[in-house]
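Chain A is the first sequence line, chain B the second, and so forth, proteins listed ahead of strands; every chain is numbered from 1.
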Protein chains: 2
Amino acid sequence: MSDRSRRSGMREVARAAGVSVSTVANVLSRPSIVAPETRRRVEEAINRVGYVPHGPARQLRGVPSPIVGSVTLDLANPFYAEVNRGIEDRLAAEGCLLLACSTDLREDKETRLLKLLQAQAVRGVIISPIEVDPTRLLTLSRQGTPVVLIDHPRGDLDLCAVTVDDVLGGQLAGEHLLALGHRRIAYLGDTVDPAPVAGRREGLRQAIIAAGLDPADALLDLRLRMRPPSLVDAAAAAAREILSASPEVTAVVCLNDTAALGLLDGLETEGVRVPQDLSIVGYDDLSFARRLTPPLTTVRQPPYSVGKAAAELLLAESAPDHDHREIRFQPELVVRASTAPPR
Amino acid sequence: MSDRSRRSGMREVARAAGVSVSTVANVLSRPSIVAPETRRRVEEAINRVGYVPHGPARQLRGVPSPIVGSVTLDLANPFYAEVNRGIEDRLAAEGCLLLACSTDLREDKETRLLKLLQAQAVRGVIISPIEVDPTRLLTLSRQGTPVVLIDHPRGDLDLCAVTVDDVLGGQLAGEHLLALGHRRIAYLGDTVDPAPVAGRREGLRQAIIAAGLDPADALLDLRLRMRPPSLVDAAAAAAREILSASPEVTAVVCLNDTAALGLLDGLETEGVRVPQDLSIVGYDDLSFARRLTPPLTTVRQPPYSVGKAAAELLLAESAPDHDHREIRFQPELVVRASTAPPR
DNA sequence: GTGAAAGCGCTAACAA
DNA sequence: TTGTTAGCGCTTTCAC
């Protein structure tokens, strides 16, 4: 490969090898039909001028883009980072690449990102959508950009989806706390509810009802601004909020482990002991959950597998006989030391 | 926007509006020169057929790609996830997108990724490189794909770079331990040393020398396989290794906080108390470090700022009068409860 | 076995 | 003010 500056195309290769561009093209896509000697010369020329095929030009001729977009709440959120890693690994096996985007729970960003991705004519989009109205996603799919949902119920949409049973997750957390004897439980979530978080709250509510309690009394719904740039700090600040809002609360279920981490900090500052004074449940079971002070009771999800499955479904969309499917994972309760019977 | 299936191009818009393609193009890029009534008709047609410009075709005509590649060790590593978030946010302000890739510390993957990115004719590449030989990166840059290094000394390369002073980071960790009275310190790293990790080890060595000690006695260099899929577990397993290799070791500096997390687990299993029996220092100061059991002494780096600065430098490469620069951040020691004087 | 030519969707220079 | 035209780098017929 030479250091010749700027990029060179097939034309330069053809000139260097003394053949036509179509012969170069043949060497690249159907080497067997080219005379061995010619082929050798062309290959040598390719190395000499440092030729690399030009993706966009190939796309224009109908070769599909190797790029797949991933649209999540926040690519730095460890849960979605693992999802993306699962997507990336599955794509890599196909020579495809991951374009990762964050919405920060903002509809305008989501809209903008989808437009940008469509304009790039990506191979497809894997999205954990914010909004309830899925029209845009259906349109996108119908206009030729396959869409796979993650963390969002497929409903009656004509799309593939990979989900984790969030209602079950909420139930597991709720049942655990109820069994310990808690009768007033708070759910700490954001002001905007993406589908998975809403599902968990619903599961918690169902567990409370199933235990013969009235959610109006037993469930305190906390909706505070908990999002990307400062989730940990926001959760720490929520400690005071929770204590003043309702002193009778004896347990808090958090939207995720990161929020639980912040909340633990905030509670320490307020002099509240966990789990003696207050039980805390997280969500995700991130790698650090088991080594927090105290070790965090949480609900485990398999983010890497979710990502991998989503990529799998997306890649399958190109098949001619493709049927849209939903893959569902089950969450799992992990009991540690942040929960205990109420005082 | 209609639900008309498949994607439509300018031609369909032109037909729908009863004008030529170039008038459509004018409405899009120089609306002012088009007659108001014509413009209205064209805009209406654009919405009606759901037109979205075709990026690859525009690229072929010389419009630069909005896509920037990021090549790091592992996009799910919280440190690089934050770096990527910094990149993404800066790019978003310019309407650009982040293509995130992981090398898993493997040269062959790095090579393959760079080739793929170049083939996509991306706007540029931000890379935390594995290998010492930077020829490929220079070639890439000369062939028209700007390259910005992160976490790698710029040296005499004609490239932009964003770095954190890793030698200083290692020194800070070393000085802290030496001041506590430790005289035999282990450094836990991978078998392959990417530049930043090598720098930290070097800093530690320098601190030891500056204290008048002989690194041959005072520094135990542990090189174990510590990488992506199971870093935490590998570090946990390293506990036994450390204890058997050298019982006189009283402190361990880990390549990052995630490894420290795993090591803490492993040590607990082995019945070793931290910091009473062994002091542990991490690196990065991830959000969970301060709430681990015990709270982790570590060296803080500003990943989000590193990413943001790298994106800034990359975007600046398009300017005609561009000069390659290096931006350097300083790490900071954060003392917590995982370090104490040796017994 | 090799080359000439058309055209993918778009931009920009120029003509009308 | 609008339309015609020539390519960007590539793949793919179809002649030679």
Side-chain angles (χ1 to χ4, degrees), chain A residues 4 6-43 45-46 49-66 115-116 118-123 143-145, chain B residues 4 6-43 45-46 49-66 115-116 118-123 143-145:
Chain A
R4 193 202 288 293
R6 303 326 289 181
R7 184 180 187 124
S8 36
M10 279 191 174
R11 239 210 328 259
E12 283 73 44
V13 176
R15 183 143 26 82
V19 297
S20 71
V21 276
S22 31
T23 297
V24 177
N26 282 337
V27 169
L28 260 33
S29 47
R30 285 119 53 187
S32 56
I33 75 160
V34 179
E37 164 55 13
T38 314
R39 187 158 87 209
R40 205 200 48 70
R41 263 194 2 258
V42 171
E43 280 161 350
I46 285 178
V49 306
Y51 170 76
V52 176
H54 192 272
R58 304 186 65 211
Q59 239 178 292
L60 212 51
R61 290 292 332 201
V63 176
S65 166
K115 198 155 287 175
L116 276 171
Q118 187 178 14
Q120 283 315 298
V122 295
R123 173 80 143 266
Q143 288 182 341
T145 304
Chain B
R4 192 202 287 295
R6 305 326 289 181
R7 185 182 188 123
S8 36
M10 279 191 174
R11 232 197 350 245
E12 284 71 43
V13 177
R15 182 143 27 81
V19 296
S20 72
V21 277
S22 38
T23 297
V24 176
N26 282 336
V27 169
L28 261 33
S29 47
R30 284 119 56 188
S32 57
I33 74 160
V34 179
E37 164 56 14
T38 313
R39 188 159 86 208
R40 204 199 49 70
R41 268 201 349 265
V42 171
E43 281 162 349
I46 286 178
V49 306
Y51 170 77
V52 175
H54 192 274
R58 303 185 67 213
Q59 240 178 293
L60 212 51
R61 289 296 331 210
V63 176
S65 167
K115 197 154 288 174
L116 276 170
Q118 187 177 15
Q120 282 315 298
V122 295
R123 172 80 143 267
Q143 288 182 341
T145 304

If you take all heavy atoms of A:Gln143 and A:Gln118, which pair is closest and at what distance? OE1-NE2, 2.5 Å

For B:Ala57 and A:Leu60 the tightest heavy-atom approach is CB-CD1, 3.6 Å

When we call it a touch if two heavy atoms are under 4.0 Å apart, what does A:Val19 touch: a base, just sugar-phosphate, or nothing? sugar-phosphate

Select from A:Val21 and B:Gly9 the residue whose nearest nucleotide in DNA chain C is closer to the 5' end of that strand. A:Val21

Between B:Leu28 and B:Ile46, is the side chain to side chain contact (heavy atoms under 4.5 Å, CB included) condition met? List the steps. CA-CA 10 Å; B:Leu28 261 33; B:Ile46 286 178; 3.4 Å; yes

Nearest heavy-atom contact between B:Arg41 and B:Gly18 is NH2-O, 3.9 Å

Just by distance, do the side chain of B:Gln59 and the backbone of B:Ala121 share a donor-acceptor pair under 3.5 Å? yes

Give the minimum heavy-atom separation between B:Arg7 and B:Val52, together with the two atoms involved. NH2-O, 3.4 Å

Going by the rule salt bridge (charged side-chain N to carboxylate O under 4.0 Å, His left out), which residues pair with A:Arg40 if we only count those two or more places apart in sequence or in a different chain? A:Glu37

Go through DNA chain C in 5' to 3' direction and return only the first and the last nucleotide with some atom under 4.0 Å of chain A's heavy atoms. C:dG1 to C:dG9

Residues from residues 53-66 of chain A lying under 4.0 Å of DNA chain D - heavy atoms: A:Pro53, A:His54, A:Ala57, A:Arg58, A:Leu60, A:Arg61

Donor-acceptor contacts, no H, no angles, side chain residues 29-36 of chain A, under 3.5 Å, sequence neighbours left out:
unit_1	atom_1	unit_2	atom_2	d
A:Ser29	OG	A:Ala25	O	2.9
A:Arg30	NH2	A:Asn26	OD1	3.4

Sequence-distant partners of B:Arg58, side-chain contact (heavy atoms from CB on, under 4.5 Å), two or more places apart: B:Pro53, B:Val63

Between the axis at one end of the helix from C:dG1-D:dC16 to C:dA16-D:dT1 and the axis at the other (five pairs apiece), what's the angle to 10 degrees? 50°

Does anyone know the first and last nucleotide of DNA chain D in reach of chain B, 5' to 3', at under 4.0 angstrom to a heavy atom? D:dT1 to D:dG9

Only counting residues at least two apart or in another chain, list the ones meeting side-chain contact (heavy atoms from CB on, under 4.5 Å) with B:Ala45. B:Val13, B:Ala16, B:Ala17, B:Arg48

List for me each residue that meets side-chain contact (heavy atoms from CB on, under 4.5 Å) alongside A:Ser22, sequence neighbours excluded, and say none if there are none. A:Ser20

Given A:Thr38, which partner from the list A:Thr23, A:Val24, A:Val27 fulfils the side-chain contact (heavy atoms from CB on, under 4.5 Å) test? A:Thr23

Does some side-chain heavy atom of A:Arg6 sit less than 4.5 Å from a side-chain heavy atom of A:Ser8? no

Contact check, residues 26-36 of chain A vs DNA chain D, heavy-atom distance under 4.0 Å, returns A:Arg30

Please tell me if the side chains of A:Ser65 and A:Gln120 come closer than 4.5 Å, counting only heavy atoms from C-beta onward. no

